[in-house]
Amino acid sequence: MSPSSPAARKWRLGLVCSLSSLLLPAEGSAQTSPPTALDPIEVAPSTSARPKPAARSQNPASSRPRARPATPAATASPPRAAASGAWGSASPTLNATTQGGTGSRLNLTPLQTPASVEIITAQTIAERGQHNVLDAVTQNAAGFIATPAPGNGGVSFSTRGFAGSNSVMTLYDGTRFYIGSGTLTFPYDTWSTQRIEVLRGPASVLYGEGAIGGVINVIPKKPLTTPYNEAEVSLDSNMTRRLSVDSTGPINPNVSYRINATGNVSDGWVDRDKTSNAVISAAVRVQASENLAFTLSEDYGDRSPSRYFGTPLVGGSIQDALRFKNYNASDSAIRYQDSWTQFKTEWDVADGVKINNTLYYLTSERHWRDIENYTWNSKTQLIDRSSYIEIFHDQKQLGNRMDATFSGHVLGLANQFVAGFDVNRIDFTHTNNSPYGGASSVNPYVFDPGSFFATTTATTPGFNASVNQYALFAEDRISLTDQLSLVTGVRYDRPEVDRTDYKTPANSFETTLSGTSWRTGLVYEPIKNLAFYGQYAVGVDPVSNLISLPVSQKTFQLATGKQTEIGVKQSFWGGRGEWTLAAYEIVKTGLTIPDPSNPTAGLALQIGQQSSRGVEGSVGLALNDGWRVDANLALLRARYDNNSQVVGGKIVSYNGNVPVNVPQQVANVWLTWDFAPNWSVYGGVQMVGAMYSDLANTQLRPGYNVVNGGIKWKPDDRTTVAFRVYNLFDKLYAVTSNGTGQWLLGMPRTAELSVNVKF
C-alpha cells in the first residue's frame, strides 16, 4: 500500500482519531459546572504580567521609564478581556491598541497609524494550529493569499493586487533579507514566533524598495527574566511527527536567555515526498545598566521541503486519480539552510531620546535538483516531463540599521521624530545547469520516476551579484490637537549593483539605482479608541529582484507605486470588540513592455502600468457565554492598464486583464466556543476567489473554501490537548500554478493530535 494512497491516508486518519479517543476522559462529557472563558495559550508566565498601558497616548515614547523592564514589551502576556466565566477571550486578531513597530518606526498602535495594520499574536497562531507563516498570515489577516512554490522558496504572498516577493516584503524581527532570483526561505515555522505584524499598502518609506503591496514582519520570542518552559509534541495523518521546546529565564539579575527549537519529519501527502524541517533560535539579553541593553540572537533553519512541483491538467482540470502523484525524479532534492545572526543595542540616552542599532549577518544556502514541468500529452496519453533543473544559491548579507527617536514638544505640540540609516552589503552567487534541458515521458498512473541525471547538462557557476545598498529615513508624528495627529515619513534608497556573468561575460555590468519614498497621513480620534484616517503614500519596486537584475534591465529605474487610502478603526466594549474598514487605490507605473517598433529584438520600454482598488474590513467580537467571532473580507479590482508581451513574434496587449495570482475576493471567518469548563471548540473557513494563471486570462483557477476546525481540552493549568482537522471536507483546490498546465494542489484532509505542556 503506497504511503500516500487514499487507503493509507484513511488508515492514518483512523489511527489519529483512535489516539485522540484514548486521551479524552470519559467523564469529561458529564461536567456540569458553568462555562468559562477560553483560556489563552500562554506565551509568557503570568507572574511577569504588567499593568495594561493606556489605549492612546499623545506621546507614548516620552513616558517610557528609564529602568530595566521585567520583560521586553514584545513578550508581554496577552491580557484577558474579562473575568473567567463572564466573557469569551479578547479578540486576538486585530489588537488595535497594541503598540507595534511594523506600521511605523515610532511604535504606534494600529489606531494611531494612518494605514492598515494588524497584529497576529502567538496565542491566535497556537490556538488554530498554524505551524507555518503562510497559514498564520493568510488565515488571519485580511486580504492576503499565499502563492508558494518550490521555486520561490515557499514564502510568497499576494495582497492588494500585487503578488510575489518583488511587491510583498517579508521581514524577520524588522530585518530584511534581500531577494535573489525570486526566492525567500526564512522565516517559515511559527514555533519561535511571538507575533506577526502585517501592513497592507506601500511600505517602501519604512523598509525600502520592494513593498508596494505590503509587509509581513515575523517577530520572534524574546528573553524573559522569569523562568518559563514549554514543550509540544504532535502527530498527524500524513505521519508528520513534530517536537517543539521553548525555554527562557534569567542567567543572573542582568542577563536573560531564550532558546526554542522545533523539528518535524513527514511522509508527505503525495507519493515519494518525505520532508523535514528544523529551526533553532537562541538569544541572550544583557541589561548593562538602567538605560542600556544588548541582545545577541542566532536563528538557524535547515529544511528539506516538499519536492512536489504540481499536478498536470488533463482536459483543463485535475483528475482525482492524479491528485497524489509526484512526477519528480527519484533522486530529486531540495534543501534550504538559513542563518540569521543579529546584535541589537537599545540605549535610552536621556528622557525623550533613544537610540536603537541592529548589526546583522545573514546567510542562505539553497539547492534544487528536480524535474519541474509536467504536461499531459493528449496524443500519447503520457505525461511529458521537461526542465531538468539544478540550481545552487549562495547568499551572504552584512548590514547595519540605526535610528534615533526624539520625543518632546514642537511649538507646544507633542511630537515624536525618528531618523536613521540602513546599509547592506549583499553577495549572491547563482550556480545552475542552464539552459535547463532534458525530457522524458511517463505513464500518468504507474511509472518509474527515473533519475535526474539520466538526461541533463553540467552544473556550473552562472553569475555573481554584489550589491551595496544605502538608505536614509525619517518619520514624524505631531499631535495638532488632542484628537488630530499628522504622521509623515520619507526614505531615500541608493542600491549599487555589480553583476559578473560567468557564462556570457559580455553580459556583466554595473549600475546604480535610486528611489525616494514618502507618505503623509492624518488620524482623527473624535472619541477614545475611534479613529478616522487618510493617507497618501509613494513607494518603489524593482522591475525584477534587485540582486538578480538581468543585463536587459540594467538601464531601468525603480517602478513607482502611489496609494491613496482612507479608513476607520475602533476598539469598543473594553477591548472585547474591534473593527476596521479601509478603501484604497494603488497605481504602479514604470513596468516593462516590449518596444513596439522592434518587438523581436528583446528591447523593452519602461512605460507599463498596473492598478488596483478595493475595500477591506475586519471585525472581532468576544461575546457572552464563551463565544468569539473573527471575520475579515477584502474586495478588489486589479487590472493591467498598460501591459503587453511578445507572442509568436507579435506584440499582444493584455490591457484590462487581471494580474496573475490575484483573486478579486478573499475572506476569513472564525468561530470559537468555550462550551464547558476547560473545553473549547473552534472552526474557520478561508475563502479565496478565482484567479488567473496567465497574462492572457485564458486559464482560470477556481476559487476555494477550506474549512479547518478543532477541539481543545485542558486537563490542568499547564497541559493542553488539541485535536485538529485541516481541510475538513477534503476540498480539492490549487493554491498556485507552475506554468499554465500544472497546478500545485493544497493539502487534503489531515487530522492532527497535539499535547502541549508548560513547566
- [ ] Name all residues meeting the side chain to side chain donor-acceptor pair (under 3.5 Å) criterion together with Asn705; count only those two or more places apart in sequence or in a different chain, and write none if there are none.
- [x]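 For Asn705, no residue satisfies side chain to side chain donor-acceptor pair (under 3.5 Å) once neighbours in sequence are set aside.
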Counting distance only, does the side-chain N/O of [X] pair as donor-acceptor with the main-chain N or O of [Y] below 3.5 Å?
X	Y	value
Thr147	Ser158	no
Asp394	Thr429	no
Asn643	Tyr654	no

Open item on the list: In the structure I gave you, are the side-chain heavy atoms of Val442 and Pro449 within less than 4.5 Å of one another anywhere?
Closed with: no
Open item on the list: Quick check: Tyr327 with Phe447 (ring centres under 6.0 Å apart)?
Closed with: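 Distance test on ring centres: under 6.0 Å, yes.
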Open item on the list: Which residue in the set Gln130, Glu752, Arg749 passes side-chain hydrogen bond (donor to acceptor under 3.5 Å, both in side chains) when paired with Tyr726?
Closed with: Glu752
Open item on the list: On a heavy-atom basis, which atom in Leu744 and which in Pro148 lie closest, and how many Å separate them?
Closed with: CD2-O, 4.0 Å
- [ ] Indicate the atoms forming the closest heavy-atom contact of Arg128 with Tyr682, along with that distance.
- [x]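 Nearest pair, atom of Arg128 first, then Tyr682: O-OH, 3.6 Å.
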TODO: State whether Phe463 and Arg499 meet the cation-pi test: NZ (Lys) or CZ (Arg) under 6.0 Å from the six-membered ring centroid, and within 45° of the perpendicular axis.
DONE: yes
Open item on the list: Distance to the ring centre below 6.0 angstrom and angle to the axis at most 45 degrees; does that hold for Arg303 and Tyr188?
Closed with: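 That pair qualifies as a cation-pi contact.
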Open item on the list: Surrounding NZ of Lys650 (heavy atoms of other residues, nucleotides or ligands, distance under 6.0 Å), is the total greater than 12?
Closed with: no
TODO: Would you please say whether a donor-acceptor pair under 3.5 Å links the side chains of Ser332 and Arg307?
DONE: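 There is such a pair (donor and acceptor under 3.5 Å, judged by atom type) between the side chains of Ser332 and Arg307.
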